Amino acid sequence: MPPTPQKSPRKIKIATWNVNSIKARLPNVLAWLKEAQPDVVLMQEIKCVDENFPRTEIEDAGYNVATHGQKTYNGVAILSKSPLEDVQPRLPDGDGDDHARYMEATVFGKVRVASIYLPNGNPLGTEKFTYKLTWMERLRNHMKRGLMDGEMRIYGGDYNVIPQDDDVYNAKAFAGDALLQPESRAHFRSFLHLGLTNAFREFNQLPHQYSYWDYQAGAWQKDNGLLIDFLLLSPRAADALTNAGIDKGPRGKEKASDHTPVWCEMTV
DNA sequence: ATGCCAGGTAACACCTGA
């Protein structure tokens, strides 16, 4: 099928969603694609190697697909109704890092998007936490280099950081958690200090807005959540931003992921 | 707040997640 000529300007919807296994989530993902009609999806925790990604099913839903998979853990993907150009997995300066946590590509011929699955970092006092902080430093360096060209860029994903105490149902209960340590928060703020805009917060400043709810202890029913999934936009992308939000629908479904999609709309 | 839930791997128990 020949590529569809792109009308310009046009409004596109870009979402990030940690699906917690694409194999387990495929029916929910297909239903949400049909219902929400995102143009681009930045997906995390696909938990499968590239050969096992349900590529045909996603393509039949109208998307081009790029995957950077890994067995059992991690794994990221990018879905787009446009062709995917210049697909680049992994952060540079890996130094033996074999986790599949990052991939970027150009969509709609002009927007550079990244799908990010930032390390969790628990428990404190282990190499897992230092790995998280090192990974965040590498991400910041990569963002800084990328932002020099002034193009539209979107860094979306599961950042595994609770930026403010009001972004969690009970900050005290998470005092010893890697997600809200001062070091994790400082690194997250350092992303914003590069000039990136948190798309959701441009349209919603209310406290206790969440993108994740634990499977346990009735967290969803009690709205005991965390805000840890973000779309961070370069200045040019932020200028094009028209709306953003959190779609809580998928979290309430049967066989839900513990994360729900965060989305934004922009004119490109 | 851990592992009460969920997913994966591989085996009918253990690891990881946030």
Side-chain angles (χ1 to χ4, degrees), chain A residues 16-30 32 42-54 67-77 97-102 115-136 139 156-188 208-230 246 248 250-262:
Chain A
T16 180
W17 191 9
N18 179 326
V19 296
N20 185 19
S21 168
I22 186 60
K23 184 176 172 228
R25 214 66 57 214
L26 185 59
N28 297 42
V29 168
L30 290 174
W32 181 74
L42 310 171
M43 195 176 278
Q44 299 88 37
E45 279 210 90
I46 62 173
K47 288 186 170 178
C48 66
V49 294
D50 295 339
E51 307 86 81
N52 292 343
F53 191 90
T67 60
H68 175 40
Q70 181 182 335
K71 187 179 174 182
T72 312
Y73 306 118
N74 313 316
V76 289
D97 181 9
D98 58 353
H99 292 201
R101 296 182 175 275
Y102 186 91
S115 181
I116 297 165
Y117 180 45
L118 212 144
N120 170 304
N122 280 307
L124 299 181
T126 68
E127 69 288 347
K128 292 192 173 187
F129 188 57
T130 50
Y131 172 65
K132 176 188 189 120
L133 298 181
T134 303
W135 205 93
M136 293 185 86
L139 176 58
D158 175 359
Y159 279 77
N160 268 321
V161 176
I162 300 165
Q164 307 281 344
D165 284 355
D166 280 349
D167 296 323
V168 53
Y169 67 96
N170 180 357
K172 284 191 176 137
F174 279 74
D177 196 288
L179 276 64
L180 54 55
Q181 292 312 298
E183 297 95 326
S184 308
R185 288 177 161 178
H187 275 94
F188 184 79
H208 305 296
Q209 306 294 294
Y210 305 132
S211 62
Y212 165 93
W213 296 260
D214 200 305
Y215 286 121
Q216 298 178 84
W220 167 248
Q221 289 76 11
K222 292 187 265 188
D223 197 28
N224 286 347
L226 320 176
L227 181 59
I228 54 176
D229 300 270
F230 303 99
I246 298 174
K248 289 169 76 170
R251 185 61 183 85
K253 299 282 202 283
E254 288 294 313
K255 289 276 287 179
S257 169
D258 40 6
H259 295 252
T260 213
V262 176

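Order of the sequence lines sets the chain letters (A, B, ...), proteins ahead of strands, with each chain counted from 1. Here the structure is a predicted model, which means the values were calculated and not measured.
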Pick one: which of A:D229, A:I228, A:T260 meets side-chain contact (heavy atoms from CB on, under 4.5 Å) with A:N18?
->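 Only one option passes, and that is A:D229.
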Give the ring-plane orientation class for A:F230 versus A:F188, where under 30° counts as parallel, over 60° as perpendicular and anything between as tilted.
->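 The rings of A:F230 and A:F188 sit tilted, inter-plane angle from 30° to 60°.
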Looking for any heavy atom pair under 4.0 Å, which part of the strands does [X] touch: base, sugar-phosphate only, or nothing?
X	result
A:F174	nothing
A:N170	nothing
A:I162	nothing
A:Y159	nothing
A:K128	sugar-phosphate
A:N18	sugar-phosphate
A:N160	sugar-phosphate

Could you state the [atom1]-[atom2] distance from [X] to [N], rounded to the nearest angstrom?
X	N	atom1	atom2	value
A:Y131	B:dT16	OH	C1'	14 Å
A:Q44	B:dT16	CD	P	21 Å
A:N122	B:dT2	CG	C1'	11 Å
A:E45	B:dG17	CD	C1'	7 Å
A:H99	B:dC15	NE2	C1'	13 Å
A:Y212	B:dA1	OH	C1'	12 Å
A:H259	B:dT16	NE2	P	17 Å
A:K222	B:dA1	NZ	P	14 Å

Under 4.0 Å between a side-chain N/O of A:R25 and OP1 or OP2 of B:dA6, yes or no?
->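 For B:dA6, neither OP1 nor OP2 has a side-chain N or O of A:R25 closer than 4.0 Å.
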Does A:A100 have any side chain to side chain contact (heavy atoms under 4.5 Å, CB included) partners at least two apart in sequence or in another chain, and if so, which?
->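 Per chain and number, A:A100 pairs via side chain to side chain contact (heavy atoms under 4.5 Å, CB included) with A:H68, A:Q70.
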By side chain to side chain contact (heavy atoms under 4.5 Å, CB included), which residues pair with A:D98, not counting sequence neighbours?
->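 Residues passing side chain to side chain contact (heavy atoms under 4.5 Å, CB included) with A:D98: none at all.
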Between B:dG17, B:dT2, B:dC4, spot the one nearest the side chain of A:D214, thanks.
->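 Ranking B:dG17, B:dT2, B:dC4 by closest atom to the A:D214 side chain puts B:dT2 first.
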Using the [atom1] atoms only, state how far [M] lies from [N], rounded to an integer number of Å.
N	M	atom1	answer
B:dC12	B:dT2	C1'	25 Å
B:dA13	B:dA1	P	30 Å
B:dC15	B:dA10	P	14 Å

Heavy atoms under 4.0 Å is the rule here; annotate nucleotides 8-14 of chain B 5' to 3' with B where the base is hit, S where only the sugar-phosphate is, and - elsewhere.
-> SSS----
A:L118 vs A:A217, nearer the 5' end of DNA chain B by closest nucleotide |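 Residue closer to the 5' terminus by nearest nucleotide: A:A217.
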On DNA chain B, check which nucleotide each of A:D258 and A:Y215 is closest to and give me the residue with the more 5' one.
->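 The residue closer to the strand's 5' end, by nearest nucleotide, is A:Y215.
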Show the numbers, then the answer: is there a salt bridge (Lys or Arg N to Asp or Glu O under 4.0 Å) between A:R185 and A:D165?
-> CA-CA 11 Å; A:R185 288 177 161 178; A:D165 284 355; 2.9 Å; yes
Nearest heavy-atom pair of A:V161 and A:K132: which atoms, and what distance?
->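 Looks like CG2-CE, 4.3 Å.
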Of all heavy-atom pairs between A:A256 and A:Y215, which one has the smallest distance, and what is that distance?
->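 It is O-OH, 2.9 Å.
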Is the backbone of A:H259 close enough, under 3.5 Å, to the side chain of A:W17 for a donor and an acceptor to pair up by distance?
->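 Checking the backbone N and O of A:H259 against the side chain of A:W17, a donor-acceptor pair under 3.5 Å is found.
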